[in-house]
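For ligands, and for the atoms within them, numbers begin at 1 and follow the listed sequence. All heavy atoms count here, side chains included; hydrogens, waters and symmetry mates do not. Owing to the predicted nature of the structure, the values given are computational and were not obtained by experimental measurement.
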Amino acid sequence: MHLSVALFILAAISICKGRLENNCNVFPKDKYIEVGSDIDIECQTSCVKGKIFWTLNNVPVDERLSNTINSSHTVLSLRKFTHHSAILQCHSAVNQQVLGGTNIRTYSKPSNISCILHSKDQDEGIPDLFTCNWEHQINPSLEVNYTILRSTRSNSSKKKICTSHRTECTNHSVEIFENNSITVRAETAHWTADSDPREFDPLHIWKIVPSKSLNVETFSDRVLVKWNRASSGDPGHCQVNYSKAANEQTTVVLHQNLTKGQHGKMPIDIAKFESCSNYSFSVRCALIKAPWSDWSHKTTVLTQLNKSHVKLRLWRKVAEPEKNGVRRVHAMWTEIPSTCKGTFTYAVKSTPYKEHTIGVNCTLRGKLTCDVDVSRDAHRINLTVFHDESLFVEDSVYVPAIRESLPQVTDIQTSTLEGVILVSWKAPIQSVSCYMVDWTHDGNQYHWKESKYTNATLSDLLDKKPYNITVTPLFENKTSHGTQALHICSRFGGPGNVTIHVQTNDKSALVSWNVTSQEACSGAVVNYTVFYGEPPLNDTLDGSKQDTSLKDLIPDTYYSVYVKATALTGTTESIVTSFKTNRFGPGLITAVSVVGSIIIVLVLSLGLCCTVQWQKFRAKPVPNPRLASAVTLWPTAGRQEGMFQAFSNPTESLCDRVYTEEAQRKASSPIDCYGNPASDQTDDYVDSAMTPIIDEKHEDPVDPVETPRLSSPDDSTALLSAENSPYRSQSSVESPASKCSKQCKRVPLKQTMYVTLDMLEQHGAR
Ligand SMILES: *[C@@H]1O[C@H](CO)[C@@H](O)[C@H](O)[C@H]1NC(C)=O
Ligand SMILES: *[C@@H]1O[C@H](CO)[C@@H](O)[C@H](O)[C@H]1NC(C)=O
Ligand SMILES: *[C@@H]1O[C@H](CO)[C@@H](O)[C@H](O)[C@H]1NC(C)=O
Ligand SMILES: *[C@@H]1O[C@H](CO)[C@@H](O)[C@H](O)[C@H]1NC(C)=O
Ligand SMILES: *[C@@H]1O[C@H](CO)[C@@H](O)[C@H](O)[C@H]1NC(C)=O
Ligand SMILES: *[C@@H]1O[C@H](CO)[C@@H](O)[C@H](O)[C@H]1NC(C)=O
Ligand SMILES: *[C@@H]1O[C@H](CO)[C@@H](O)[C@H](O)[C@H]1NC(C)=O
Ligand SMILES: *[C@@H]1O[C@H](CO)[C@@H](O)[C@H](O)[C@H]1NC(C)=O
Ligand SMILES: *[C@@H]1O[C@H](CO)[C@@H](O)[C@H](O)[C@H]1NC(C)=O
């Protein structure tokens, strides 16, 4: 502890001493050097004793680079210095004290100079512009002044010919006839750097002006391109390029060397061109070793028609024979370009091989197909083209007889790849000169091509269309029967349109869907995904499903749903459909309807009862005791039990139950029955509902209903059947009814009602 404090004080003292003496420092200060060059840095060490060491950007430098000259001077030698910017410091080895420091930065010099001689306004003659450009790796924000210095062998002093702030400079009036040595000088506030000098031969940097006299002539066997070389008659070379005017991509470039004073003349064989097509030509030239001129203006010409290049590509499709063996042959060929001069007439004729039969003509003008009917025998279809009434070219194709035995291809395989159909097949055993592959998507429009191999690539197909493909082998002078492959889709699209239908419930919904497609080439659905709700939930089903039930929905809520059908080739989605879940479930609705029906039945029955009772009330307001005696003829107890239990045991009668229910629900109903004021009835009603009726029965044991227990069943039956009317039969139950009405003026209405119904039912049941 004490020791370190002492050391610190010592160090502080020595620093103060060093500062005071001020004899230590590092030179040179803030130096810019060219990148990759060497530098010596000197440290004055007279203020300290002993060794020193160096750091470069705070990293110690190899001691071997440091050279102590005498007690007060040490030199650091840095070789091939490449740091962009570096801080070098000299330290005392004894106490690490910094004795001094300096900042060394590097710059690079311009390089890769190239210069050209060219002409203003593309004038022919001696070039008047001298342009150089070069590379310079520096901080782009740094302001640099560039100067081009030129010296020649005859005048070795460097002359400024151009200044610029960019890495390019053009002199507008220089005249250069001999070799030049060009140096580019870069100047900033802190440094100046000269490039290495570069020597240019004016003939090697002369970019001549493009030819202004390009001339193209066409003949039936060749195209002749001619041009004059501008600017110089020195040896050089030229390039001619041409392309079909409509299709600039396929440019052909031809090369030609020219000797001193020679002008350009290049014949090109007509075989390289399509007949009657527009081609555009241009040319450029250069002196040997010099840069190319710009391309000349384009010249466009129409190539001539050469008979040997006309390819009619005659082909035929033979339809299934009719009953009499007649077959329709659809002949087709390619057009002679409409750009060709003159009139072309096509004539198609079918010639039977059988002797003594004549062919059929089918002459068309301008059309490229023709249908001819041929018999079951072998035929040859001939196509003749007339050019301005004179025979131009001919072609023919063979149609085999119906049962002619000719080798056919087998096992046609197809595959599709990015809208292209690849076809391959098995060759017949016999040798085949080549194969014709034809294909159609509508049975009217055909495409066809020859193949030497047992495969072919069909391109330029309509998207997502089914194609019928036929492969026919061609022999020396015969053409075989074709072999067909049906319905090959050029590409499979996504599934068809999805339409959905929703059936709602309170907590669930049944979503069903249908996929319909107008296209023959829609992909088969692999799975369906149903999206519903917010945030969207999803449910994935395999492609065989057509509906799904959405569960756990909230009643009385709006939902949206859509279905996505996924095929291997794409997806389609139905439109988003909104639905609202029901407020109540189907159980509640059933319950409500059942209860409703019951109420309706009750009310109807009540009305009926009222009517009957009212009529009775009007007819016989007081029960007739004599009728009671008549009731003594009532059937036996067992039977009575079955039939009139409601009367015999009023406690359990429906009358009571209904009364109770109805009283609570509709207290005023009895008023309608009896026409009594509603006010004094309501309370009574409630009371009577609470009061067991049986009590009252006991008070009055001589119940008129119970009296007729001894009566014979026959009598009762007689009575009922005699009256033969349920309404009439009611008279027998009148006493209990009136009793009931006596007991509880408010009740009996319903008692009566149920009795009546029971009776009716029982009576009917018999
Ligand atoms: C040390 O060397 C330097 C350079 O060689 C010289 O200038 C200086 O006088 C010398 N100092 C002594 C004390 O010899
Ligand atoms: C560059 O040239 C301009 C004049 O064109 C001059 O004002 C400027 O000081 C020069 N800059 C340097 C770094 O030489
Ligand atoms: C001019 O320079 C080229 C190299 O660019 C050299 O081959 C030629 O000999 C030189 N011509 C003369 C006359 O020095
Ligand atoms: C058609 O062109 C060929 C070269 O492809 C040539 O040999 C023939 O002479 C030309 N025909 C005519 C009529 O010029
Ligand atoms: C077909 O046309 C040729 C000339 O074009 C004629 O000589 C021949 O009689 C015609 N044949 C029929 C059957 O019309
Ligand atoms: C493909 O061939 C079949 C059978 O010959 C035929 O029924 C169908 O119409 C053809 N389709 C087309 C597009 O030509
Ligand atoms: C057909 O097959 C041959 C060899 O079997 C192959 O070289 C050629 O590329 C194939 N052509 C096409 C169009 O697939
Ligand atoms: C639906 O089928 C596609 C295609 O096979 C598959 O990529 C995807 O994972 C399937 N989706 C589900 C949810 O299984
Ligand atoms: C289906 O829902 C699950 C979560 O429930 C989610 O992870 C998945 O990405 C969804 N699938 C699609 C196709 O949206």
Side-chain angles (χ1 to χ4, degrees), residues 18 21-28 30 32-34 39-52 66-77 90 92 99-100 102 105-110 134 136-149 158 160-172 183-195 494-495 498 500 511 513 525-543 545 548-553 559-568 570-574 576:
E21 288 179 4
N22 205 19
N23 273 340
C24 287
N25 211 339
V26 171
F27 297 103
D30 291 334
Y32 287 85
I33 61 167
E34 191 187 326
I39 185 167
D40 286 348
I41 300 159
E42 187 185 298
C43 184
Q44 290 179 359
T45 57
S46 44
C47 63
V48 289
K49 290 233 166 62
K51 283 194 162 184
I52 62 109
S66 179
N67 184 20
T68 308
I69 290 167
N70 55 33
S71 60
S72 61
H73 281 76
T74 301
V75 172
L76 178 70
S77 299
C90 174
S92 157
L99 307 177
T102 182
R105 277 174 277 203
T106 58
Y107 58 82
S108 58
K109 57 187 181 183
W134 56 90
H136 195 198
Q137 282 164 354
I138 47 150
N139 183 349
S141 63
L142 198 63
E143 195 203 329
V144 187
N145 287 350
Y146 294 104
T147 312
I148 296 180
L149 305 167
K158 287 182 175 177
K160 274 189 192 180
I161 56 165
C162 190
T163 58
S164 155
H165 293 289
R166 299 181 300 124
T167 58
E168 185 183 89
C169 194
T170 298
N171 178 300
H172 290 259
T183 306
V184 176
R185 175 170 293 167
E187 282 176 287
T188 68
H190 301 287
W191 51 264
T192 299
D194 279 3
S195 73
V498 185
I500 63 175
V511 181
W513 55 86
V525 177
V526 178
N527 55 37
Y528 293 102
T529 311
V530 182
F531 294 88
Y532 63 100
E534 191 60 49
L537 297 169
N538 64 59
D539 187 7
T540 299
L541 300 114
D542 71 65
K545 296 278 168 28
T548 187
S549 179
L550 311 180
K551 301 255 164 44
D552 301 329
L553 305 181
Y559 281 90
S560 59
V561 63
Y562 69 95
V563 175
K564 183 166 91 175
T566 307
L568 291 176
T571 62
T572 44
E573 287 176 7
S574 73
V576 178

Taking side chain as C-beta onward, heavy atoms only, is Thr106 less than 4.5 Å from Glu34? no
A quick test of your reading: do over 12 heavy atoms of other residues, nucleotides or ligands sit less than 6.0 Å from CD of Glu168? yes
What I want to know is whether Glu187 and ligand 2 share at least one N or O pair that is separated by under 3.5 angstrom. no
Atoms of ligand 1 close to Asn70 [distance to a heavy atom under 4.0 angstrom, numbered from 1]: 1 (C), 2 (O), 3 (C), 8 (C), 10 (C), 11 (N), 12 (C), 14 (O)
Measure across Pro110 and Trp134 and return the closest heavy-atom pair with its distance rounded to 0.1 Å. CB-CD1, 3.8 Å
Can you measure from CG (Asp552) to CG (Leu537) and round to the nearest 0.5 angstrom? 9.5 Å
For Gly570 and Pro495, which heavy atoms make the closest approach, and how far apart are they? O-CD, 3.4 Å
Give the atom numbers and elements of ligand 2 that come within less than 4.0 Å of a heavy atom of Thr188. 13 (C)
Tell me if the centroids of the rings in His136 and Tyr146 come within less than 6.0 Å of each other. yes
Taking Cys43's backbone N and O only, do any of them form a donor-acceptor pair with Thr74's side chain (distance below 3.5 Å, no angle check)? no
For Ser72, is the nearest heavy atom under 4.0 Å from an atom of ligand 1? yes
Beyond-backbone contact of Val48 with Leu99, side-chain heavy atoms, under 4.5 angstrom: yes
Where ligand 2 meets Ala189 - atom numbers and elements under 4.0 angstrom, heavy-atom basis: 13 (C)
Kindly tell me which protein residues have any non-hydrogen atom under 4.0 angstrom away from an atom of ligand 9, grouped by chain and ordered by number? Phe531, Asn538
